[in-house]
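Predicted model only: the values in this text are computed from it and were never measured. The chains referred to below are lettered A, B, ... by the order of the sequence lines, with proteins before strands, and numbering in each begins at 1.
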There are 2 protein chains.
Amino acid sequence: MVGAATVSGLRERKKQQTRDALIASAQRLFAAQGYEGTTTGQIAEAVDVSQRTLFRYFANKDEVALAPLDEAQDSFAAALRARPRRETPMTAMRAAMGSVFSGYADDESGPRRLRALGQTFDLIVRTPSLHATHLRRVADREAQIAAIVAEREGVDPVADPRPRLAAAVFDAALQVASTCQRNEPGELDPRALYAELERTLDALPGIFGHWRRTT
Amino acid sequence: MVGAATVSGLRERKKQQTRDALIASAQRLFAAQGYEGTTTGQIAEAVDVSQRTLFRYFANKDEVALAPLDEAQDSFAAALRARPRRETPMTAMRAAMGSVFSGYADDESGPRRLRALGQTFDLIVRTPSLHATHLRRVADREAQIAAIVAEREGVDPVADPRPRLAAAVFDAALQVASTCQRNEPGELDPRALYAELERTLDALPGIFGHWRRTT
DNA sequence: TGTCACTTGTCAGCGACTGACACTAAAATC
DNA sequence: GATTTTAGTGTCAGTCGCTGACAAGTGACA
């Protein structure tokens, strides 16, 4: 339920093809040589395209590396929109994340996409500059999520801080959960990560107050 | 209580001087021409130093721009360490932030440092690449804060997710509060920002559950 | 079929950043 | 106080990310 609608023209199809090829080429090279060890020229050359063309498709090198995440983030927003309004915001976000993960199990191309996702996260963890850009993109997404939550709850998205707060707190939990989960690189296990996320979210209300003799 | 101990050697003193001069020069130029509109060569030239030397003091252009934040972040960590252990983690962090802000009122050099801080935040908001680096640095600080909290509470800093969670949630609240407060650029009002932070932190437990007819 | 709009390659250039080397001046040693 | 050691700096040449401008090729559409 994520794939973009296939477009008609030959031109459009070719464009999509080279874009996909560039992303795939980048992933391969980054995995082999690391992010900084790979030049944009190499990525382009492997697809038989000029470097200039690469920069017509992507604003910068970061965007090529982080492109695999767009799909997952889009599907999270879509899943959140689809949740019934009777659920609380936090519950809805949690459930939306659950359906994103299970989406990778349904599809036949799931494993491949999941591997790409895992590789991208490994790259982010290993590369500070990429980590920085990733965090900014996540912050941008938070605004989108906050808007969806505000609409669900019928509150003012700018005057009321709660939508932004809820989105930010959810992302914080996701962040913490993923650092717990992915101590060693390798395959990304969506089931384990989701379990960790649930544990983290459950621990959330407990951080207020004292912790002593509750460990 | 933040300033580094004045060092003895002439060499050390000169080094500190050029470092400070580079930061000041960068701030002036960034304010006048923006971040991207200013070259590292210009910053160095204004201090009568080669560009190469600038890059011996700072790893990259971002670090020059964000240097004014180091002091504030250091003083937050110090203030948190100084809070009595009877306070809950969230209360301690809130109070620590309070004493950071009031620290700018005590000192005679406070207003100047506060203006520098405000300018830096304006720059961050206006400059995406700087925003990205800033977020990564904040994430790095979170680990430090989490470690302090873990020690305060006597829990394991890696096995227990709560320290990291508390630090991340606090930062999320700070982030939301500051976007509420600083809609238009200009002077940074620490009193108003702290009031907004308190309001945001108070709203935090309320984001769980439903919001309807509670607006 | 011919025109038009769009995509691409080439090239020249800027700015961030780095390694190597020579030079100068503070600092430590005698 | 003279000398040897050490640390900081400037210069230079080079790589890489990224951009503007122009020319050439190729799908779209009448």
Check: D/dG20 base within 3.5 Å donor-acceptor of A/R52 side chain: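 Between D/dG20 and A/R52, which were checked side chain against base, a qualifying N/O pair under 3.5 Å is present.
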To the nearest angstrom, how far is [X] atom [atom1] from [N] atom [atom2]?
X: B/E63; N: C/dT18; atom1: CD; atom2: P; value: 12 Å
X: B/E45; N: D/dG10; atom1: CD; atom2: P; value: 12 Å
X: A/L54; N: C/dT10; atom1: CG; atom2: C1'; value: 16 Å
X: A/Q16; N: C/dT7; atom1: CD; atom2: P; value: 13 Å

Summary of ring-ring contact (aromatic ring centres under 6.0 Å, His included) pairs that have at least one residue in residues 136-176 of chain B, sequence neighbours excluded: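 Pairs touching residues 136-176 of chain B that pass the test: B/F76-B/F170.
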Applying ring-ring contact (aromatic ring centres under 6.0 Å, His included), which residue pairs with at least one partner in residues 37-58 of chain B are found, sequence neighbours left out?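 As it turns out, there is no ring-ring contact (aromatic ring centres under 6.0 Å, His included) pair with a partner in residues 37-58 of chain B once direct neighbours are skipped.
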Who passes side-chain hydrogen bond (donor to acceptor under 3.5 Å, both in side chains) against A/R199, sequence neighbours left out?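 A/R199: side-chain hydrogen bond (donor to acceptor under 3.5 Å, both in side chains) contacts with A/E196.
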Who pairs with A/T53 by side-chain hydrogen bond (donor to acceptor under 3.5 Å, both in side chains), at least two apart in sequence or on another chain?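 Testing A/T53 for side-chain hydrogen bond (donor to acceptor under 3.5 Å, both in side chains), a comparison that skips the adjacent residues, returns A/S50.
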Quick one: list whatever passes salt bridge (Lys or Arg N to Asp or Glu O under 4.0 Å) with B/E142, sequence neighbours left out.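 Partners of B/E142 by the salt bridge (Lys or Arg N to Asp or Glu O under 4.0 Å) criterion come out as none, since no residue qualifies.
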List for me each residue that meets salt bridge (Lys or Arg N to Asp or Glu O under 4.0 Å) alongside A/E63, sequence neighbours excluded, and say none if there are none.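 Result, salt bridge (Lys or Arg N to Asp or Glu O under 4.0 Å) vs A/E63: A/R137.
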A correct 5'-to-3' footprint of nucleotides 24-30 of chain C, with B, S and - meaning base, sugar-phosphate only and no protein heavy atom under 4.0 Å, is -BBS---
Pairing of A/D160 and A/R162 as salt bridge, 4.0 angstrom limit: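 A salt bridge links A/D160 with A/R162.
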Closest to the B/R56 side chain, choosing from C/dT8, D/dC12, C/dC21: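 Looking only at heavy atoms from C-beta outward on B/R56, the closest nucleotide is C/dC21.
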Polar pairs (N or O, both sides) under 3.5 Å between protein and nucleotides 14-17 of chain C?
{"residue": "C/dA16", "atom": "OP1", "partner": "B/T38", "partner atom": "O", "Å": "3.4"}
{"residue": "C/dA16", "atom": "OP1", "partner": "B/T40", "partner atom": "N", "Å": "3.4"}
{"residue": "C/dA16", "atom": "OP1", "partner": "B/K61", "partner atom": "NZ", "Å": "3.1"}
{"residue": "C/dA16", "atom": "OP2", "partner": "B/T40", "partner atom": "N", "Å": "3.2"}
{"residue": "C/dA16", "atom": "OP2", "partner": "B/T40", "partner atom": "OG1", "Å": "3.1"}
{"residue": "C/dC17", "atom": "OP2", "partner": "B/K61", "partner atom": "N", "Å": "2.6"}

Over all strands shown, is A/Y57 touching base, sugar-phosphate only, or nothing at heavy-atom distances under 4.0 angstrom?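 Since only primed, P, OP1 and OP2 atoms lie under 4.0 Å of A/Y57, the category is sugar-phosphate.
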Ignoring hydrogens and angles, write down the donor-acceptor pairs under 3.5 Å from the side chains of residues 20-30 of chain B, residues two or more places apart or on other chains.
{"residue": "B/D20", "atom": "OD1", "partner": "B/Q16", "partner atom": "NE2", "Å": "3.2"}
{"residue": "B/S25", "atom": "OG", "partner": "B/I43", "partner atom": "O", "Å": "3.1"}

